[in-house]
Amino acid sequence: MNERSRKMLGVILALALIFTISAGTTAVSSESPVKNVIIMVPDGTGVTHTTLARWYQGGVPLALDEMAAGLVRCYSAESAVTDSAPAATAMATGYKSNSKYLGVLPSKVTMPGVPPLVEGDQLKPVATVLEGAKLMGKATGLVATSNIQHATPAAFSAHTPNRNNYEAIGEQQVYQGIDVVLSAGSKYLVPPSMGGTRKDGENLLAVLQKMGYQIVKTKDEMIDSKADKLWGMFAHDAMAYDFDRDPAKEPSLAEMTQKAIEILSRNPNGFFLHVEGSKIDWASHANDPIGVISDILSFDRAVRVALDFAKKDSRTLILVASDHGNGGMSIGDRSTDKIYDKTDISASLDPLKKARLTGEGIEAMLNQERSNVVEVMAQYYGITDLTPEEIAAIKGAMPGRVQSVAGPIISKRAHIGWTTGGHTGEDIVLYSYGPNRPVGVIENTEFAKLTARSFGFDLEELSSRLFVPVRPAFQSLGAEVKYNNADPFNPIIEVSKGNVKMELPIDTSIAKINGQIRHLKGLAVKPENVTYVPQEAIDLFKEAAR
């Protein structure tokens with residue numbers, strides 16, 4: 001082939017790639033089978049977030065950079081700007097849903113391109129890829145820096161129209177039988193008598209221990225663990241930002257990811273793992289660029305861990321994307337309107353480099369009277385020219401809200417712009433690696449669909465098997481169905497026919513048949529007015545009633 005022909009071929013290939021991406025198709029490679037899937041979510045991350053983090057570390061490429069593959073459309077069933085719950089639900093189940101909904105179908109659809117609702121399917125639970133992987137005999141894991149009951153990890157492991165219902169979410173997660181959970185949120189698993197918040201009085205940490213889990217609370221306990229079933233709770237609520245983290249106590253996101261892969265890869269059938277860099281989103285809500293940089297870099301180190309494993313393994317698919325944008329961050333603001341092309345990057349980096357803590361970390365350093373605002377901001381944020389108005393704003397901030405005041409203060413000095421303290425509706429960057437990796441412009445629902453295809457199960461069939469409406473199913477067997485609400489926090493489905501009695505506690509996988517306890521491979525859930533149970537429960541009752 002002569003030089004001219006080689007150049008023409010290069011042009012043709014380049015045009016073909018551009019056409020593929022612009023046409024919104026998904027190109028995949030399936031040269032080898034997929035044994036493992038790792039879905040990683042840097043919550044609330046836009047392209048400016050990663051750009052700023054890259055500049056912060058001197059322009060050195062991120063681990064993410066070599067995986068950049070396209071864009072993800074992340075709108076919900078009702079809005080161009082999505083809430084985390086339906087965004088993660090789309091990634092976990094393959095269905096767009098509504099704000100606050102986790103693992104259930106929407107109750108209204110207004111966005112173009114989303115299939116219309118089928119009458120009667122509103123709020124119906126749908127299977128997640130974690131549940132599908134588990135039923136195929138694969139190991140499963142969740143890793144996050146928020147409390148584990150928070151929206152994104154919850155969407156992969158629970159089914160409720162209320163993302164704030166941490167009691168139900170926590171109980172469902174415990175009974176999902178997930179092999180490895182490394183995160184925080186222990187207070188949502190125990191009653192007030194143990195320093196928790198559970199109104200039902202249950203001690204789910206004790207339940208986990210009875211199930212054979214090792215529960216760890218520190219980094220060293222996690223690293224030293226040899227258990228196959230590990231549940232790490234490293235904080236009562238959320239974990240610290242990486243810049244604020246005590247490395248002697250809390251593990252980093254990369255360390256948790258490493259441990260999860262170490263344990264899950266023992267399963268000869270493979271594994272599914274979800275990892276979230278949760279607090280990038282929280283920093284964006286607070287317009288805190290230090291929090292963003294802190295946890296983007298932390299997340300990227302976790303990506304490096306997963307990528308190194310996948311390169312050695314050759315049968316691991318990694319899918320990475322945020323669930324949505326947040327904050328409308330920009331490098332450059334109104335003060336650089338007329339000088340943006342002559343503004344050195346040091347104008348942004350120098351103020352940021354002086355900060356040693358995030359805005360959340362700053363609040364922890366303030367005394368009760370907040371009389372040390374000037375000293376703390378100078379020592380930990382590198383700001384020595386606070387205005388009287390800024391000092392008053394920090395002193396007057398509500399508990400837990402100092403970050404939302406400190407973030408804009410340093411943003412102004414670093415020429416970092418923000419358009420909102422909420423989510424934004426732009427497409428976000430797709431990163432992928434491994435067999436069947438997608439490229440181009442894809443829907444967020446493709447994360448779930450591609451995972452299911454790669455593992456070889458059908459999400460729709462799985463949903464019909466895991467979530468069967470209780471009354472018609474049992475009544476077709478001639479059984480009587482009652483709801484025992486004597487304990488309003490722990491309702492139970494009671495099914496009886498002759499001398500056969502079955503009890504199915506909501507939000508658990510327990511089936512009690514004539515006093516004998518069986519653990520099902522799915523949950524009993526009640527998203528609203530209809531209760532659903534796995535087909536396994538119906539088959540079990542049918543067999544006992546013969």
Side-chain angles (χ1 to χ4, degrees), residues 42 44-45 48-60 62 145-146 184 219 234-235 237-255 277-302 327 329 331 344-387 390-391 393-395 397 399-416 418:
T45 295
T48 306
H49 294 62
T50 50
T51 303
L52 183 63
R54 191 186 300 106
W55 280 123
Y56 185 88
Q57 63 177 18
V60 177
L62 302 170
T145 51
S146 65
K219 181 175 82 171
F234 304 109
D237 203 339
M239 297 177 70
Y241 284 97
D242 198 64
F243 279 11
D244 306 337
R245 178 175 61 90
D246 181 349
K249 296 180 180 179
E250 287 190 8
S252 68
L253 187 62
E255 289 167 334
S278 316
K279 294 180 71 169
I280 304 165
D281 179 68
W282 300 7
S284 299
H285 279 297
N287 291 178
D288 177 7
I290 304 301
V292 167
I293 292 167
S294 161
D295 281 27
I296 286 282
L297 295 179
S298 173
F299 179 82
D300 194 61
R301 288 189 285 272
M329 178 195 261
I331 300 174
D344 191 85
I345 188 62
S346 62
S348 289
L349 294 181
D350 287 352
L352 300 176
K353 289 280 191 176
K354 293 176 183 178
R356 295 168 53 193
L357 296 175
T358 72
E360 184 176 278
I362 288 291
E363 181 166 358
M365 294 298 172
L366 296 173
N367 59 30
Q368 187 172 1
E369 298 78 19
R370 295 188 182 172
S371 60
N372 61 338
V373 167
V374 173
E375 295 83 0
V376 167
M377 291 295 283
Q379 181 177 354
Y380 295 105
Y381 245 35
I383 295 177
T384 57
D385 59 347
L386 287 173
T387 66
E390 289 171 335
I391 295 171
I394 295 171
K395 286 184 175 181
R401 299 293 296 168
V402 169
Q403 185 178 21
S404 296
V405 178
I409 287 174
I410 197 168
S411 292
K412 179 180 179 181
R413 287 160 174 80
H415 305 293
I416 301 298
W418 301 88

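- Residues that satisfy the side-chain hydrogen bond (donor to acceptor under 3.5 Å, both in side chains) test with S294, not counting sequence neighbours, are absent from this structure.
- V405 approaches A397 most closely through the heavy-atom pair CG2-CB, 3.9 Å.
- Residues passing the side-chain contact (heavy atoms from CB on, under 4.5 Å) test with D281, sequence neighbours excluded: D43, H285, H324, N326, H423.
- For the residue pair A286 and P408, the shortest heavy atom distance occurs at O-CD, 3.6 Å.
- Checked by atom type and distance alone, the side chain of T145 pairs as donor or acceptor with a backbone atom of S278 at under 3.5 Å.
- Judged as a salt bridge (charged side-chain N to carboxylate O under 4.0 Å, His left out), the pairs with a partner in residues 368-380 (not counting sequence neighbours) are, in order, E363-R370.
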Only distances under 3.5 Å count here; give the side-chain donor-acceptor pairs of residues 52-59 to other protein atoms, sequence neighbours excluded, each with its distance to 0.1 Å.
residue : atom : partner : partner atom : Å
R54     : NE   : D65     : OD2          : 2.9
R54     : NH2  : D65     : OD1          : 2.9
Q57     : NE2  : V60     : O            : 2.8

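- The heavy-atom pair separating T50 from L62 by the smallest distance is O-CD1, 3.8 Å.
- For the residue pair G359 and A406, the shortest heavy atom distance occurs at CA-CB, 4.3 Å.
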* To do: For I416 and T48, run side chain to side chain contact (heavy atoms under 4.5 Å, CB included): C-alpha distance rounded to whole Å, both residues' side-chain angles, the deciding distance at 0.1 Å, then the answer.
  => CA-CA 10 Å; I416 301 298; T48 306; over 6 Å; no
* To do: Go through the steps for I394 and I409 under the test side chain to side chain contact (heavy atoms under 4.5 Å, CB included), then give the verdict.
  => CA-CA 10 Å; I394 295 171; I409 287 174; 3.8 Å; yes
* Check the pair L366, V373 against side chain to side chain contact (heavy atoms under 4.5 Å, CB included), reporting the backbone distance first and the verdict last. => CA-CA 7 Å; L366 296 173; V373 167; 4.0 Å; yes
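- Among residues two or more places apart in sequence or in another chain, the ring-ring contact (aromatic ring centres under 6.0 Å, His included) test is passed with H415 by none.
- Residues satisfying the salt bridge (charged side-chain N to carboxylate O under 4.0 Å, His left out) criterion with R413, sequence neighbours excluded, are D385, E390.
- Residues passing the side-chain contact (heavy atoms from CB on, under 4.5 Å) test with S252 are D242, R245, A254, E255, sequence neighbours excluded.
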* Start with the C-alpha distance between K279 and E360, add both sets of side-chain angles, then the distance that settles side chain to side chain contact (heavy atoms under 4.5 Å, CB included), and finish with yes or no. => CA-CA 11 Å; K279 294 180 71 169; E360 184 176 278; 2.8 Å; yes
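- Annotation: side-chain hydrogen bond (donor to acceptor under 3.5 Å, both in side chains) contacts of S371 (sequence neighbours excluded): N367.
- The side-chain hydrogen bond (donor to acceptor under 3.5 Å, both in side chains) check on E250 picks up nothing, with sequence neighbours excluded.
- Under the rule for a side-chain hydrogen bond (donor to acceptor under 3.5 Å, both in side chains), T45 has no partner lying at least two apart in sequence or in another chain.
- In this structure, OG in S404 is found 8.5 Å from CG in D288, a value given to the nearest 0.5 Å.
- Taking all atoms of both residues into account, the shortest heavy-atom contact from G291 to A283 is C-CB, 3.5 Å.
- Atom CD1 of I362 sits about 5.5 Å away from atom CE of M377, to the nearest 0.5 Å.
- Screening L357, D295, I290 for a side-chain contact (heavy atoms from CB on, under 4.5 Å) involving Y241 leaves a single residue, D295.
- Residue pairs meeting the side chain to side chain donor-acceptor pair (under 3.5 Å) criterion with at least one partner in residues 347-359, sequence neighbours excluded, are D244-T358.
- If you take CG on L352 and CD1 on I293, they are separated by 4.5 Å, rounding to the nearest 0.5 Å.
- Closest approach of G407 to P289, counting heavy atoms only: O-CD, 3.7 Å.
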